[in-house]
*Asks:* 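Quick one: structure below, then a few questions.
What's counted below: heavy atoms across the whole structure, side chains too, no hydrogens, waters or symmetry copies. Note that the numbering runs from 1 along the sequence shown for the chain. Remember, predicted model here, so these are calculated numbers, not experimental data.
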Amino acid sequence: MATKRPDGDYPYIGTTIWGERLADAVENTCTDLEVVPPPRQAITEGLATALPDTEIKNLISTQRGKKVLKPTAHRLVKAGTDQVLLLMCDIHGAAAAPWHLNDRTVPAWSPPLPEANQRVEDLVAAEAALEEATKAAKSAEKEAEACRRAPGDESYAAQALAAATQKHQDALRRLTELEDRRQVLLAALGNRRPRPVVRSAEEEGEPKAALVLAEQPYAVAFHLQRYAAESLERAGRTRGYDLVESLVDAGQLSKGMNVLQQWQITSSDGTVSKPWRLAAVTGNNRALARLDVFRVRPEHLVTGMPQSLVSLPKEKADPGLLLLSLREILNRISTRLNQDAANPETELTDPSLRAGKIATVSAEIVIGCSRPEALEHVLRTLNVNDHLRGIQPYDEDARLIALFATLVDSYARESLLAAALAEAFPNARGADLLDLAGVRDALTANGPLDPLEPLVPAGEEVSPVVLRDIAVRAITALVFPGIPPETTPKSSRRTVRDTGRFWPIVRGALQEPAWSQIRAKTAEARTRLWSAAVAQLFLHRGNILSALGFFGTTETKEGAGSDPRPLKELFLGAEAGDAGAWTALVQRMAPALIHAPQPFITPGQGSEANEGRKGVRRTPSSALAALTLAYTQSNVPNISRVLLLAFAKAVLEHPDATQPPEAQDGTPLVCYGEQHWSEKDRTPITAGMVIAPDIEGRPTGYVADKAWFDEMFPVELGRPAPAGGEASTAMGAGNSAGDGGTSREEVRLDPRDQLDTLRQQLPARVELVEGSYQRAVDSAHTLMTDFEEARRLRAQIGEDPLPADQRIEWMEKLSKARDAARASVTSLDQVETLILQI
């Protein structure tokens with residue numbers, strides 16, 4: 001016999017029949033408005049199961065024999081060129097889960113790398129083992145205490161006590177080992193978690209207006225959802241009032257936007273559950289606070305509610321049973337709260353009395369969109385806009401990342417994103433082939449870096465290192481765009497400087513002053529934005545203030561044009577003795593020096609007044625200048641160019657390491673600055689750490705850290721001789737640090753040393769010449785192909801020939817190029833002869 005549900009303020013969810021009718025109404029309305037609806041299953045299992053039984057009836061009407069939504073129940077929202085259809089309704093107060101893609105918590109997530117996802121699984125397993133070990137240690141402690149107090153035979157009691165004490169010590173030792181293992185895994189993750197990847201839901205192979213998470217094991221899904229909630233709670237602590245108590249006292253005063261999202265969860269027995277839930281796109285904090293008032297954990301709402309937490313009256317609790325149906329979960333919550341609210345003995349702190357004003361809340365739910373494949377980006381943009389216009393405290397890192405996403409969208413909206421990247425990468429293999437949506441996601445760390453592959457120069461091998469370098473250079477070009485050179489001669493007449501196509505986009509997106517009013521404060525703000533955007537590309541996130549001083553007023557106004565040569569050519573150039581190539585290589589290394597497991601560049605440290613109080617004053621620019629000048633100084637002890645190149649190669653590759661480094665002789669590695677520490681206090685060695693090279697470039701037994709870097713490249717090394725005029729910054733295109741001009745006297749090299757240096761440099765120079773000739777050959781072949789195509793088309797359509805003077809001009813230029821090529825062949829013949837003589 002069915003039990004009548006108690007009456008009260010907390011609503012009950014309607015039957016499946018009304019869910020089917022709601023799905024018909026949504027689909028018919030989307031067809032009329034020419035937008036794509038969510039999958040039907042998402043409506044029946046995720047939307048209809050969150051609405052009170054009377055709410056669906058109020059949303060639906062019948063027109064010409066078919067179910068549709070009432071005109072007052074929906075509205076269309078434009079987001080750029082896209083449209084989103086929103087359903088306006090009242091949902092159960094505990095029906096929505098926080099969205100993990102909330103832009104306020106962006107710094108808490110790392111890029112979704114495959115190895116990071118595997119480390120999360122290892123971390124979850126380690127935490128489970130740690131929990132069991134903690135229980136075992138407590139049990140062993142109680143057993144030892146019981147033996148200590150137990151009366152009996154003296155010899156037997158002593159033996160039992162010794163055994164129990166040994167068992168307790170073994171349990172504590174095991175507990176310490178597992179805690180160390182957990183700390184190692186956390187360090188390998190950069191003390192963050194990889195951002196869960198979502199995509200558009202599909203129905204019969206067609207994308208729909210809903211989102212789907214990638215498949216996850218149950219323990220991982222539970223862990224990540226809990227981590228997302230904890231990150232959101234941490235970000236909300238800066239709020240000037242208590243949101244939970246505000247909801248209890250006044251209810252929810254504004255609507256929040258929600259999207260239908262599916263979790264795919266694999267249980268331990270291999271079965272896969274695919275629950276649909278409402279995810280709060282805007283109003284994340286309110287959604288989390290409502291669940292707090294209801295005393296419902298978001299991870300339980302998503303991965304399955306334990307039946308024991310929402311058991312019905314006279315129902316036997318089953319701790320192992322998980323409820324996946326949202327309708328059943330919400331109905332059980334309402335039944336319990338209505339029953340408790342009717343009990344006069346219920347305390348005022350009980351959820352049944354505290355949640356009364358949020359029993360139902362007004363919400364807007366995405367039920368259609370014009371381009372489902374762009375839905376995630378549109379929702380993230382709406383989330384960013386909602387927060388940037390708000391008055392609530394905004395974490396600085398998250399605010400800067402949101403601003404950068406707005407900047408990239410501004411380039412895309414003006415159809416200048418491809419043009420800006422093509423200008424920044426003149427040697428790209430195919431800038432016209434860019435997938436701009438993929439590029440936008442790659443630059444904002446919401447997708448892989450693969451869409452940047454067309455920007456890789458021809459002949460350069462595509463690798464994670466190269467793609468990350470391309471991403472950093474692209475971010476630099478967008479944040480510090482170049483402006484056309486000043487062509488008009490200076491005069492007393494007032495002129496307006498032409499700032500080109502790209503700078504007005506930056507000014508509008510970042511709301512900066514006029515170009516002529518840019519000062520150091522603007523340069524610092526733009527540098528912070530650049531640093532926050534670049535930090536998203538790295539697993540280990542350093543302090544974004546470590547980049548202050550990399551860019552100055554000159555780069556902010558004129559643009560921070562970088563050396564267009566690829567990494568491979570820069571390494572060869574530095575190996576061949578090109579100081580300019582090393583300077584450009586240091587600039588490329590800078591982000592990796594900041595965002596390393598052991599950061600080499602940190603925010604300004606030391607004292608400006610007294611070195612004995614805080615240590616030697618060192619700014620980020622000082623660290624870069626010292627590393628740059630170390631290449632040109634021949635009298636610096638313990639530094640060689642081989643060491644510098646080995647260090648540079650290791651630093652650029654460290655973000656892609658999946659295993660901790662190991663010493664060649666098998667001895668345990670230790671951080672250089674911790675070699676005299678006790679073993680228990682040392683930092684665990686994790687993937688991504690860099691082994692310090694010796695003067696011959698061979699790996700040593702130490703991990704390079706800040707202490708090693710400061711000792712190898714001291715502050716004094718980065719102090720060039722004073723020069724007239726404004727000093728260049730460390731990252732700008734006009735950096736003079738690589739010129740090697742210092743106050744130190746150049747020491748004349750011994751001829752034997754000069755010969756050794758040349759023998760080290762010549763192989764790289766040969767490879768550089770080989771690459772240059774290959775590019776020249778490819779260019780000549782392409783030129784011939786294009787001219788042949790032009791000749792064929794002219795003959796086909798009967799077009800008149802070009803003017804004679806233009807043809808003569810081209811032939812003269814090609815004749816000069818051919819003569820230069822013949823002269824270079826003569827030089828190469830002489831080089832072949834000289835090779836036999838050295």
*Asks:* Are any of the side-chain nitrogens in K67 or E27 under 4.0 Å away from the carboxylate oxygens of its partner?
*Replies:* no
*Asks:* Dump the intermediate steps for side chain to side chain donor-acceptor pair (under 3.5 Å) on D90 and S362, then the final yes or no.
*Replies:* CA-CA 4 Å; D90 291 339; S362 298; 3.1 Å; yes
*Asks:* Hey, are the side chains of L86 and V84 touching, using non-hydrogen atoms and a 4.5 Å cut-off?
*Replies:* yes
*Asks:* Apply the test side-chain contact (heavy atoms from CB on, under 4.5 Å) to residues R332 and L312: give CA-CA distance (whole Å), side-chain angles for both, the deciding distance (0.1 Å), then the verdict.
*Replies:* CA-CA 7 Å; R332 284 171 174 261; L312 295 174; 3.8 Å; yes
*Asks:* Does the side chain of H92 come within less than 4.5 Å of L51's, by heavy atoms?
*Replies:* no
*Asks:* Looking at K57, is its backbone amide N or carbonyl O close enough to the side chain of R21 to form a donor-acceptor pair, meaning the two atoms are under 3.5 Å apart?
*Replies:* no
*Asks:* Under a 4.5 Å cut-off applied to non-hydrogen side-chain atoms, are Q261 and W276 in contact?
*Replies:* no
*Asks:* Yes or no on salt bridge (charged side-chain N to carboxylate O under 4.0 Å, His left out) for R40 and D24, after CA distance, side-chain angles and deciding distance?
*Replies:* CA-CA 9 Å; R40 188 176 183 87; D24 292 337; 2.8 Å; yes
*Asks:* A side-chain contact here means heavy atoms from C-beta on lying under 4.5 Å apart; do R119 and L123 qualify?
*Replies:* no
*Asks:* When you measure from the side chain of R192 to the backbone of P107, do you find a donor-acceptor pair of N or O atoms at a distance under 3.5 Å?
*Replies:* yes
*Asks:* Taking atom CD1 of I60 and atom NZ of K70, what is their separation to the nearest 0.5 Å?
*Replies:* 9.5 Å
*Asks:* One thing to verify: whether D409 and R380 come together as a salt bridge, which I'm taking to mean a side-chain N less than 4.0 angstrom from a carboxylate O.
*Replies:* no
*Asks:* Mark yes when over 12 heavy atoms from residues, nucleotides or ligands other than K274 sit less than 6.0 Å from its NZ; otherwise mark no.
*Replies:* no
*Asks:* Please assess R193 against H223 for the test side-chain contact (heavy atoms from CB on, under 4.5 Å), listing each intermediate value before the final yes or no.
*Replies:* CA-CA 10 Å; R193 308 293 185 275; H223 176 89; 2.8 Å; yes
*Asks:* When you look at NZ of K66, are more than 12 heavy atoms from neighbouring residues, nucleotides or ligands closer to it than 6.0 Å?
*Replies:* yes
*Asks:* If I compare all heavy atoms of A95 with all of L326, which pair ends up nearest, and what's the gap?
*Replies:* O-CD2, 4.3 Å
*Asks:* To the nearest 0.5 angstrom, please state how far the OG atom of S200 sits from the NZ atom of K208.
*Replies:* 11.5 Å
*Asks:* Regarding H540 and N191, do their side chains bring together a donor and an acceptor under 3.5 Å, going by distance alone?
*Replies:* no
*Asks:* Taking the side chain as everything from C-beta on, heavy atoms only, tell me whether I265 gets closer than 4.5 Å to V272.
*Replies:* no
*Asks:* Going by the angle between their ring planes, with limits at 30° and 60°, are Y218 and F222 parallel, tilted or perpendicular?
*Replies:* tilted
*Asks:* How close do P52 and I13 get, heavy atom to heavy atom, and via which atoms?
*Replies:* N-CD1, 4.3 Å
*Asks:* Do F294 and L330 have side chains that get closer than 4.5 Å, going by heavy atoms?
*Replies:* no
*Asks:* For the pair Y10 (side chain) and Q339 (backbone), establish whether a donor and an acceptor sit closer than 3.5 Å, ignoring hydrogens and angles.
*Replies:* no
*Asks:* Hey, does the side chain of R182 reach the backbone of A126 with a donor-acceptor pair shorter than 3.5 angstrom?
*Replies:* no
*Asks:* Between S254 and R286, is a side chain to side chain donor-acceptor pair (under 3.5 Å) present by the stated rule, with each step listed?
*Replies:* CA-CA 10 Å; S254 59; R286 283 167 283 170; 2.5 Å; yes
*Asks:* If I take atom CG from residue N284 and atom CE from residue M257, how far apart are they, to the nearest 0.5 angstrom?
*Replies:* 12.0 Å
*Asks:* Test side-chain contact (heavy atoms from CB on, under 4.5 Å) on T303 and W263 and set out the steps.
*Replies:* CA-CA 8 Å; T303 60; W263 276 256; 5.8 Å; no
*Asks:* Does R104 come within less than 4.0 Å of E233, counting only side-chain N to carboxylate O?
*Replies:* no
*Asks:* Working to the nearest 0.5 Å, report the span between CG of L69 and CG of L59.
*Replies:* 6.5 Å
*Asks:* Please tell me if the side chains of Q262 and E45 come closer than 4.5 Å, counting only heavy atoms from C-beta onward.
*Replies:* no
*Asks:* Can you name the closest pair of heavy atoms from H100 and A228 and give their distance?
*Replies:* CB-CB, 4.0 Å
*Asks:* Are the side chain of D249 and the backbone N or O of E245 linked by a donor-acceptor pair below 3.5 Å?
*Replies:* no
*Asks:* Could you please spell out the steps behind the salt bridge (charged side-chain N to carboxylate O under 4.0 Å, His left out) verdict for R234 and E230?
*Replies:* CA-CA 6 Å; R234 192 162 49 248; E230 291 173 351; 5.4 Å; no
*Asks:* Would you say V293 and I358 make side-chain contact, with heavy atoms under 4.5 Å?
*Replies:* yes
*Asks:* Distance from L87 atom CG to H74 atom NE2, nearest 0.5 Å?
*Replies:* 9.0 Å
*Asks:* Measure from the side-chain N and O atoms of N446 to the backbone N and O of A442, and report whether any donor-acceptor pair falls under 3.5 Å.
*Replies:* no
*Asks:* Could you please spell out the steps behind the side chain to side chain donor-acceptor pair (under 3.5 Å) verdict for D122 and Q118?
*Replies:* CA-CA 6 Å; D122 297 340; Q118 180 58 49; 3.2 Å; yes
*Asks:* Does S410 use its side chain to pair, donor to acceptor, with the backbone of T406 at less than 3.5 Å?
*Replies:* yes
*Asks:* Using a strict cut-off of less than 4.0 Å between a Lys/Arg side-chain nitrogen and an Asp/Glu carboxylate oxygen, indicate whether D9 and K357 qualify as a salt bridge.
*Replies:* no
*Asks:* For T271, does its backbone N or O pair with a side-chain atom of S267 as donor and acceptor, under 3.5 Å?
*Replies:* yes
*Asks:* Using only atom types and a distance under 3.5 Å, with no angle test, would you say the side chain of R277 pairs donor to acceptor with the backbone of L301?
*Replies:* yes
*Asks:* Closest approach of A137 and A171, non-hydrogen atoms and distance?
*Replies:* CA-CB, 3.8 Å
*Asks:* Should R237 and D242 count as an ion pair when the cut-off is N to O under 4.0 Å?
*Replies:* no
*Asks:* Just verifying a value: how many Å separate L379 CG and T282 OG1, rounded to the nearest 0.5 Å?
*Replies:* 9.5 Å
*Asks:* On a heavy-atom basis, which atom in A116 and which in L189 lie closest, and how many Å separate them?
*Replies:* O-CD2, 3.6 Å
*Asks:* Checking side-chain contact (heavy atoms from CB on, under 4.5 Å) for the pair Q83/V77: CA distance, chi angles, key distance, verdict?
*Replies:* CA-CA 6 Å; Q83 287 185 323; V77 175; over 6 Å; no
*Asks:* Within the side chain of N258, is there an N or O that forms a donor-acceptor pair under 3.5 Å with the backbone of I365?
*Replies:* no
*Asks:* What are the two closest heavy atoms between A363 and I91, and how far apart are they?
*Replies:* CB-CD1, 4.0 Å
*Asks:* Quick check with a 6.0 Å cut-off and a 45 degree axis cone: is R239 positioned over the face of Y241's six-membered ring?
*Replies:* yes
